[in-house]
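Heads up, the thing below is written out as structure tokens.
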Amino acid sequence: MPIARIGVIGAGQMGAGIAHVAALSGRDVVLADVSADLAGKGLAVVRKNLARQVEKGKITPEAADAALGRIVPSGDVAALAEADLVVEAIVENEGVKRELFARLDGILPPGAILASNTSSISITRLGAATKRPENVIGMHFMNPVPVMQLVEVIRGIATSDETTAAVVAAAKEMGKVPVECRDFPGFVSNRVLMPMINEAVFAVHEGVATPDAVDTIMKLGMNHPMGPLTLADFIGLDTCLAILRVLHQGLGDDKYRPCPLLVQMVDAGWMGKKAGRGFYRYSGPGGEKVPA
Ligand code: CAA
Ligand code: NAD
């Protein structure tokens with residue numbers, strides 16, 4: 001199935017990155033959010049990240065301009081009506097995603113693919129919210145999307161071979177390496193990553209070490225590019241908590257119990273980098289990290 005037009009819904013950090021790589025791969029993109037203002041903010045992030053790639057000599061200024069010209073921001077979900085593939089990247093909440101999938105099912109042409117960038121939620125259940133479960137799939141990009149190579153491809157129980165092949169091909173054309181896995185809570189990426197992040201939060205909660213010490217130990221000791229708490233702030237603490245809750249409930253094992261400190265920080269609105277405060281504060285002119 002040829003994919004010429006891509007819709008991205010949710011213009012936050014992931015949606016902006018997905019629109020960026022989709023447009024660079026030559027696709028026309030509609031980038032939608034709940035308001036035109038939020039969609040415009042997503043487009044501004046794409047503009048900034050394309051400019052960064054031009055500065056580093058990774059792409060030509062012409063390629064950046066052409067990619068930017070292919071993205072149309074919109075505050076209206078109906079603007080996705082012509083898409084061959086929609087990638088959903090809204091908040092990590094099953095009820096909200098199911099409602100959107102049912103709505104998109106009524107808007108998209110027959111045969112169009114509905115992919116979710118969910119970090120953990122059942123693709124099978126998202127498919128069941130539509131009348132086209134064979135066209136529903138997980139297309140899980142990693143953050144920051146323009147940089148990270150992986151796309152985790154998750155088949156729900158009803159996902160067809162044709163849908164999987166089309167999404168694998170589209171991911172490759174965006175310069176990514178697609179890897180398939182089955183539809184289990186947190187898939188592979190977050191089933192392995194989130195327990196490490198949760199354990200790092202427990203280490204702070206129990207007074208074992210400061211956030212900075214935990215991060216430095218993991219960076220210098222394990223050669224991780226970012227310490228787990230810096231990474232949690234980067235992902236978003238609300239998203240980390242939502243993923244851990246899916247793992248805890250879906251796998252039924254208390255080893256996934258979210259640390260009470262993480263719950264409390266999200267309750268306080270300390271969502272990490274995007275909120276200006278998490279395990280660190282982000283208060284420099286470019287949102288640089290300083291200890292909280
Ligand atoms: N958007 C676009 N490009 C970005 C970027 C962003 N937000 N942040 C950094 N970059 C680019 C830089 O331009 C630079 O590009 P070049 O190599 O072409 O020069 C490159 O990334 C490296 O950046 P820096 O040198 O400024 O900084 P760094 O060396 O510290 O790397 C990083 C930054 C790539 C983010 C690195 O710290 C890293 O790999 N961190 C771990 C990221 C990670 O684990 N991601 C997965 C998160 S989990 C997930 O995504 C799944 C989920 O469901 C939660
Ligand atoms: P974010 O908070 O940066 O952005 C979410 C965006 O979705 C916001 O702009 C919000 O206005 C919009 N939105 C919410 N409900 C909507 C609706 N009903 N219709 C349209 N737009 C709506 O979140 P994010 O970090 O970009 O995460 C988005 C998705 O990607 C989540 O499912 C998350 O689990 C997944 N994900 C996140 C990461 C990460 O590192 N942050 C990595 C991989 C996957």
Are the side chains of [Y] and [X] in contact, using a 4.5 Å heavy-atom criterion?
X      : Y      : result
Val266 : Met271 : yes
Met196 : His224 : yes
Val8   : Val86  : no
Tyr256 : Leu251 : yes
Ile71  : Leu43  : yes
Val72  : Val29  : no
Arg277 : Tyr282 : no
His140 : Ile154 : yes

Closest heavy-atom contact between [X] and [Y]?
X      : Y      : result
Gln53  : Leu24  : OE1-CD1, 3.9 Å
Ala166 : Ile113 : CB-CD1, 3.7 Å
Val46  : Leu68  : CG1-CD1, 4.3 Å
Pro258 : Leu241 : CB-CD1, 3.5 Å
Ala81  : Pro109 : O-CD, 3.1 Å
Asp33  : Ala11  : OD2-N, 2.7 Å

Donor-acceptor pair, [X] side chain versus [Y] backbone, under 3.5 Å?
X      : Y      : answer
Asn190 : Ser120 : no
Asn93  : Val96  : yes
Lys274 : Gly12  : no
Asp183 : Ser122 : no
Asp84  : Arg5   : yes
Arg132 : Asp105 : yes
Asn198 : Arg257 : yes
Lys176 : Met148 : yes
Asn117 : Phe141 : yes
Thr130 : Leu126 : no

Is atom [atom1] of [X] surrounded by more than 12 heavy atoms (other residues, nucleotides or ligands) closer than 6.0 Å?
X      : atom1 : value
Leu150 : CG    : yes
Lys219 : NZ    : no
Arg98  : CZ    : yes

Joint hydrophobic cluster, [X] plus [Y], side-chain heavy atoms closer than 4.5 Å:
X      : Y      : result
Val263 : Met265 : yes
Ile235 : Leu244 : yes
Ile121 : Val136 : yes
Val167 : Val151 : yes
Met226 : Met222 : yes

Please name the residue in the list [options] that meets the side-chain contact (heavy atoms from CB on, under 4.5 Å) test with [X].
X      : options                        : result
Pro228 : Ile217, Asp233, Asp215, Leu193 : Asp215
Ile9   : Ile18, Leu114, Leu31, Leu80    : Leu80
Ser119 : Asn143, Val246, Thr239         : Thr239

Under 3.5 Å, is there a donor-acceptor pair linking the side chains of [X] and [Y]?
X      : Y      : answer
Lys289 : Thr230 : yes
Ser25  : Arg27  : yes
Glu152 : Ser189 : yes
His248 : Asp253 : no
Thr159 : Glu134 : no

Interatomic distance, [X] atom [atom1] to [Y] atom [atom2] [nearest 0.5 angstrom]:
X      : Y      : atom1 : atom2 : result
Gln264 : His205 : CD    : NE2   : 8.0 Å
Glu199 : Lys255 : CD    : NZ    : 11.5 Å
Leu247 : Phe184 : CG    : CZ    : 13.0 Å
Thr118 : Lys97  : OG1   : NZ    : 5.0 Å
Leu229 : Cys240 : CG    : SG    : 9.5 Å
Glu99  : Leu104 : CD    : CG    : 11.0 Å

I'd like to know whether Glu180 forms a side chain to side chain contact (heavy atoms under 4.5 Å, CB included) with Val168, so could you lay out the CA-CA distance, the side-chain angles of the two residues, the decisive distance to 0.1 Å, and finally the verdict. CA-CA 9 Å; Glu180 279 182 51; Val168 162; 4.3 Å; yes
For Arg182 and Arg155: C-alpha separation, side-chain torsions, deciding distance, then whether side chain to side chain contact (heavy atoms under 4.5 Å, CB included) applies. CA-CA 6 Å; Arg182 289 175 60 202; Arg155 295 181 69 134; over 6 Å; no
Flag this pair as yes if the NZ/CZ of Lys273 is under 6.0 angstrom from the six-membered ring centre of Phe234 and inside a 45 degree cone about the axis; otherwise no.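 Ring-cation test returns no.
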Kindly determine whether Leu50 and Glu55 satisfy side chain to side chain contact (heavy atoms under 4.5 Å, CB included), including the steps that lead there. CA-CA 9 Å; Leu50 284 168; Glu55 250 170 56; over 6 Å; no
As a quick check of understanding, evaluate side chain to side chain contact (heavy atoms under 4.5 Å, CB included) for Val214 and Phe279, giving each step before the final call. CA-CA 11 Å; Val214 170; Phe279 289 98; over 6 Å; no
Any Lys/Arg nitrogen of Asp65 or Arg70 sitting under 4.0 Å from an Asp/Glu carboxylate oxygen of the other?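 The answer is no: the pair does not qualify as a salt bridge.
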